[in-house]
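Hydrogens, waters and symmetry mates are skipped; everything else that's a heavy atom, side chains included, is used.
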Amino acid sequence: MAAVSLLNVAVRNNPAPFTSPYEFEITFECLEKLDKDLEWKLTYVGSATSSEYDQELDSLLVGPIPVGVNKFVFEADPPDLNRIPNSDILGVTVILLTCSYDGREFVRVGYYVNNEYTDEALIAEPPAKAVVEKVRRSILAEKPRVTRFAIKWDSEASAPAEFPPEQPDADNQEDDEAAYGAEELEEDEAEAEGEPEVKEGEDAEMAEVNPVEQPKEEDEVSDAGSEDIEAESSASEDEDEEEEEGEGEAEGEAADEMETDTAAPATEKPQPPQQQSDVMVH
């Protein structure tokens with residue numbers, strides 16, 4: 001929290017001739033007792049193209065500062081024309097009102113300033129060299145640009161935090177990129193050798209319980225898991241033909257025996273041929 005807060009800046013004598021002094025009525029609040037004075041400065045920006053033409057018009061030390069709301073009038077001399085390029089005297093420029101504590105700036109107020117002729121003839125036909133006596137300045141006091149900075153005041157507790165934070169051990173730590181590269185190299189070597197990657201811990205135990213089985217050859221699997229259906233069917237057909245031939249021969253012999261024994265009485269009744277059951281092939 002800032003120990004000093006700027007409340008208001010009122011621009012007096014505005015507009016005014018170019019050669020008139022600047023006058024500012026400044027109101028600020030002091031929230032705690034300060035050991036040192038406040039330094040106020042007014043800077044005139046002589047050219048928009050280079051900072052070498054900037055002029056510090058005046059500076060003022062204010063103190064000791066009582067706690068509470070304070071008000072004072074800051075007066076500053078006009079800029080030195082010899083330090084301003086002739087082409088930059090007329091037109092728009094900037095003035096900066098700043099305040100510092102112990103050499104540390106904590107607030108800055110910027111104003112646009114327009115320098116122009118008041119004589120209609122000079123406005124219509126401006127001379128090569130500016131006639132300063134006819135120039136009037138107008139400060140755009142309604143739209144100041146205020147910038148505040150966090151600084152250290154009297155105590156260390158009021159010092160702003162450093163950014164980025166210091167990391168003294170960062171350079172001593174191992175480079176993560178090298179570690180990542182080593183892991184990727186080990187994985188690539190394991191894949192190239194065709195060995196399954198076994199991880200530590202639970203993955204290693206799972207690998208022991210469920211070892212990786214190598215696939216068998218396709219020919220071995222087909223020979224072990226299938227049967228020759230055509231061979232069995234052809235064998236069964238051959239057996240049926242042999243049985244039919246055997247039955248035909250038996251019937252022929254029985255007929256011959258019956259013909260030769262027609263004169264003799266039949267003592268035994270011929271037994272009919274036994275039928276065999278067909279073999280079912282599944």
For Asp80, is there any backbone N or O sitting under 3.5 Å from a side-chain donor or acceptor partner on Gln55?
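A pair under 3.5 Å: yes.
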Return the [atom1] to [atom2] distance between [X] and [Y], rounded to the nearest 0.5 Å.
X	Y	atom1	atom2	value
Glu105	Asp102	CD	CG	14.0 Å
Thr27	Asn70	OG1	CG	9.0 Å
Cys30	Ile65	SG	CD1	6.5 Å
Ser47	Arg83	OG	CZ	13.0 Å
Ser20	Asp77	OG	CG	11.5 Å
Ser100	Leu61	OG	CG	10.5 Å

Where [X] and [Y] come nearest, the two heavy atoms and their spacing:
X	Y	answer
Leu96	Gly110	CD2-CA, 3.8 Å
Arg104	Ile151	O-CD1, 3.7 Å
Asn13	Pro21	ND2-O, 2.7 Å
Gly46	Asp54	N-OD1, 3.8 Å
Asn86	Ala130	OD1-N, 3.3 Å
Leu38	Cys99	CB-SG, 4.0 Å

Connected-component partners of Tyr53 among ILVMFWY, side-chain separation under 4.5 Å:
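Cluster partners of Tyr53: none, it stands alone.
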Just so I know, are the side chains of [X] and [Y] near enough to count as touching, which here means a heavy-atom distance under 4.5 Å?
X	Y	value
Val67	Leu31	no
Glu23	Glu25	no
Phe24	Tyr111	yes
Asn8	Phe28	no
Pro79	Phe18	yes
Ile95	Ile139	yes
Pro78	Leu57	no
Val4	Leu34	yes

Test side chain to side chain contact (heavy atoms under 4.5 Å, CB included) applied to Arg12 and Val73, step by step
CA-CA 9 Å; Arg12 305 170 76 173; Val73 176; 2.9 Å; yes
Answer yes or no: does atom OH of Tyr112 have more than 12 heavy-atom neighbours from other residues, nucleotides or ligands under 6.0 Å?
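Incorrect, the count does not exceed 12.
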Would [X] end up clustered with [Y] when hydrophobic side chains under 4.5 Å apart are linked, directly or stepwise?
X	Y	result
Val45	Val135	no
Val131	Ile89	yes
Tyr117	Val92	no
Ile84	Val94	no
Leu140	Tyr44	no

Can you check side chain to side chain contact (heavy atoms under 4.5 Å, CB included) on Leu97 and Thr43, steps first, answer last?
CA-CA 7 Å; Leu97 177 65; Thr43 304; over 6 Å; no
Write out all pairs satisfying side-chain hydrogen bond (donor to acceptor under 3.5 Å, both in side chains) with one or both partners inside residues 132-146, taking only residues at least two apart or from two chains.
Glu116-Arg136
Between Leu7 and Val69, does the side chain to side chain contact (heavy atoms under 4.5 Å, CB included) criterion hold? Intermediate values first, please.
CA-CA 9 Å; Leu7 301 179; Val69 178; 4.1 Å; yes
Applying side chain to side chain contact (heavy atoms under 4.5 Å, CB included), run through Thr19 and Val132 and close with a yes or a no.
CA-CA 8 Å; Thr19 55; Val132 182; 3.8 Å; yes
All pairs passing ring-ring contact (aromatic ring centres under 6.0 Å, His included) where residues 55-108 contributes a residue, at least two apart
Trp40-Phe72, Tyr101-Trp153, Phe106-Trp153
